[in-house]
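Scroll down for the structure; my scribbles are underneath it.
Letters A, B, ... are given to chains in the order of the sequence lines, protein chains preceding strands, and every chain is numbered from 1. Keep in mind that the numbers below use all heavy atoms, side chains included, and drop hydrogens, waters and symmetry copies. Model, not experiment: these values are computed from the prediction.
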Number of protein chains: 2
Amino acid sequence: MFTATEENYLKALFRLGALSEGGKGPAGTNELALELDIRPATVNGMLKKLREKGLVEQRRYGKILLTEAGRLHAVEVIRKHRLWETFLYEKLHFTWDEVHDVAEQLEHIRSVHLTDRLEEFLGYPSVDPHGDPIPDKEGRMPPEVRRTLAESEEGHAGRIVGVCDNSAEFLQYLDRLGLSLGLRLTITRHIPFDGSVELESAGIRMIITRKVAENLLVD
Amino acid sequence: MFTATEENYLKALFRLGALSEGGKGPAGTNELALELDIRPATVNGMLKKLREKGLVEQRRYGKILLTEAGRLHAVEVIRKHRLWETFLYEKLHFTWDEVHDVAEQLEHIRSVHLTDRLEEFLGYPSVDPHGDPIPDKEGRMPPEVRRTLAESEEGHAGRIVGVCDNSAEFLQYLDRLGLSLGLRLTITRHIPFDGSVELESAGIRMIITRKVAENLLVD
DNA sequence: AAAAAAAGTTAGACTACCCTAATAAAATAT
DNA sequence: ATATTTTATTAGGGTAGTCTAACTTTTTTT
Ligand SMILES: [Mn+2]
Ligand SMILES: [Mn+2]
Ligand SMILES: [Mn+2]
Ligand SMILES: [Mn+2]
């Protein structure tokens, strides 16, 4: 039905929020090209195909919107990606910085039966190893209404429920800092000087940079 | 390193026994084309590339032999294929006629770490759901010295340890006959008239056609 | 409103993989 | 030893996906 390449374009558009509602709004050719690390000229050609397949809507020189069919398929690929990441993490004991690259391949395996059995085998998980929600079979995904640590007020207590940046670089840094999903913490102070955030967890006080705080989600 | 297409060519050559020793000997272009269901002209072009990559040896108008590098990679792909089939069968409860098609996709996922962890997760299985041996990390595969039911003598008692034909059509037929891997049976009679084989298993007598008998392996 | 910058498109080329039709070489049969 | 058949190769063409360089349209700045 769809090639791995087409699926990656759809996923990138979804990530950029190219939805008629709920998202950041339509994306542009250059923006999409940047996201995919592919040249705009190439993206332009692929968009023609995606339009013809009814997966995106775009007027000449205009912005790109995912159609309902496009959105549904993007979510299906994201569902597979996150289920595979969960499998790698829970069953094969990959670390959370190792799962993404392999899931990037596994997400393109075509077999509805496989996806559903995998989901069952994993016990119908609701989030992947990075705290991202896993869409259900019908493409429903719980809306993410999570605040970053940077925008939570002083005194707030909660758990780390997700990360915004899934790069191995960032995740390994978190491991080094001793920060992982589910960790309970309290924000003790926002430091005005450089935006650093002071927090306390399990009786230990620590300071993280603003950049780290912006990429951590808390409940 | 290698594309999925290249891997399928190597696997087909291995299946045809294009080894310098142990196999049926070198394969021809047409034979390989038939195996892959691709036209000889196309195969001819791909062979040029495989030669340049040092995976096969072939003189102009000559037969095709896998090099050591080619053989090793073919076995690596077969290893992945059989491990995935085992995973689908053991963990996701696929039936033995459903596993092959999905494994045909999964075998091309690139990650040595994944293969090794999967093998560990499965408990280092020695055979896949069809009784075919699973090569180890170093590419060693126990030689298959198994006899078909058709060539075993009357009175022989043993277990079904494998099938020659992995098609869903054949495997579903076996299910219908109540024949599965590990089943103990005794050959009671070879019927000269049409080559059918009469056998007895768990106190039940049954007759299978010659074609079925030729595709069942016993120990 | 004109100039400059940014965004989007077109043209032409390349690799990977596939095809059919025609041709050349090798193997087999007469 | 030819003739026939089989096998292998070449020539030319197609789709998918990528690139660079040049060009056009839209947006932003002055
Ligand atoms: Mn991921
Ligand atoms: Mn992908
Ligand atoms: Mn198989
Ligand atoms: Mn394959």
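- Taking atom CG of residue A/L36 and atom P of nucleotide D/dA16, one finds them 18 Å apart after rounding to whole Å.
- Atoms NE2 (B/H108) and P (C/dC17) sit 12 Å apart, rounded to a whole Å.
- At a threshold of 4.0 Å, the pair B/E6-B/K53 counts as salt-bridged, since one of the basic side-chain nitrogens sits closer than that to a carboxylate oxygen.
- Summarising the geometry, the separation between CZ on A/R39 and C1' on D/dA22 is reported as 17 Å, rounded to the nearest angstrom.
- Electrostatic pairing of B/E68 and B/R71 counts as a salt bridge here, judged by a charged N lying under 4.0 Å from a carboxylate O.
- Scored by the ring pair (Phe, Tyr, Trp, His ring centres under 6.0 Å) test, B/F87 finds A/F87, B/W84 as partners (sequence neighbours excluded).
- The ring pair (Phe, Tyr, Trp, His ring centres under 6.0 Å) check on A/F2 picks up A/H73, with sequence neighbours excluded.
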Checklist entry - Does the side-chain hydrogen bond (donor to acceptor under 3.5 Å, both in side chains) test come out yes or no for A/H81 and A/D128, once each step is laid out? => result CA-CA 9 Å; A/H81 182 98; A/D128 76 11; 6.0 Å; no

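- Note: CD1 (A/I64) to C1' (C/dA7) measures 11 Å, nearest angstrom.
- As a whole-Å value, the separation of A/L34 CG from C/dA7 C1' is 13 Å.
- At a threshold of 4.0 Å, the pair A/E214-A/R210 counts as salt-bridged, since one of the basic side-chain nitrogens sits closer than that to a carboxylate oxygen.
- Ion pairing between a basic and an acidic side chain is recognised when a charged N comes within 4.0 Å of a carboxylate O; B/K48 and B/E52 show such pairing.
- Nucleotide D/dT20 holds its P atom 12 Å from the CD1 atom of A/I38, rounded to whole Å.
- Distance check, rounded to the nearest 0.5 Å: CZ of A/R147 to CG of A/L149 gives 10.0 Å.
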Checklist entry - Nucleotide by nucleotide, 5' to 3', does protein get under 4.0 Å of the base (B), only the sugar-phosphate (S), or neither (-) in nucleotides 1-15 of chain D, counting heavy atoms? => result ------SSBB-----

Item to check | Base-pair map of DNA chain C as dot-bracket, where | denotes pairing with a different strand and pairs are Watson-Crick or G-U under 3.5 Å | outcome: ||||||||||||||||||||||||||||||

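- Applying the salt bridge (charged side-chain N to carboxylate O under 4.0 Å, His left out) test to every pair with at least one member in residues 97-115 of chain A, sequence neighbours left out, gives these pairs: A/K11-A/E104, A/K11-A/E107.
- Using a 4.0 Å cut-off between charged nitrogen and carboxylate oxygen, B/D132 and B/R146 count as a salt-bridge pair.
- Annotation: cation-pi geometry not satisfied between A/K49 and A/Y9 (NZ/CZ under 6.0 angstrom from ring centroid, within 45° of ring axis).
- For residues 3-15 of chain B, proximity to DNA chain C is found at B/T3, B/T5, B/Y9, defined as any non-hydrogen atom under 4.0 angstrom from a strand atom.
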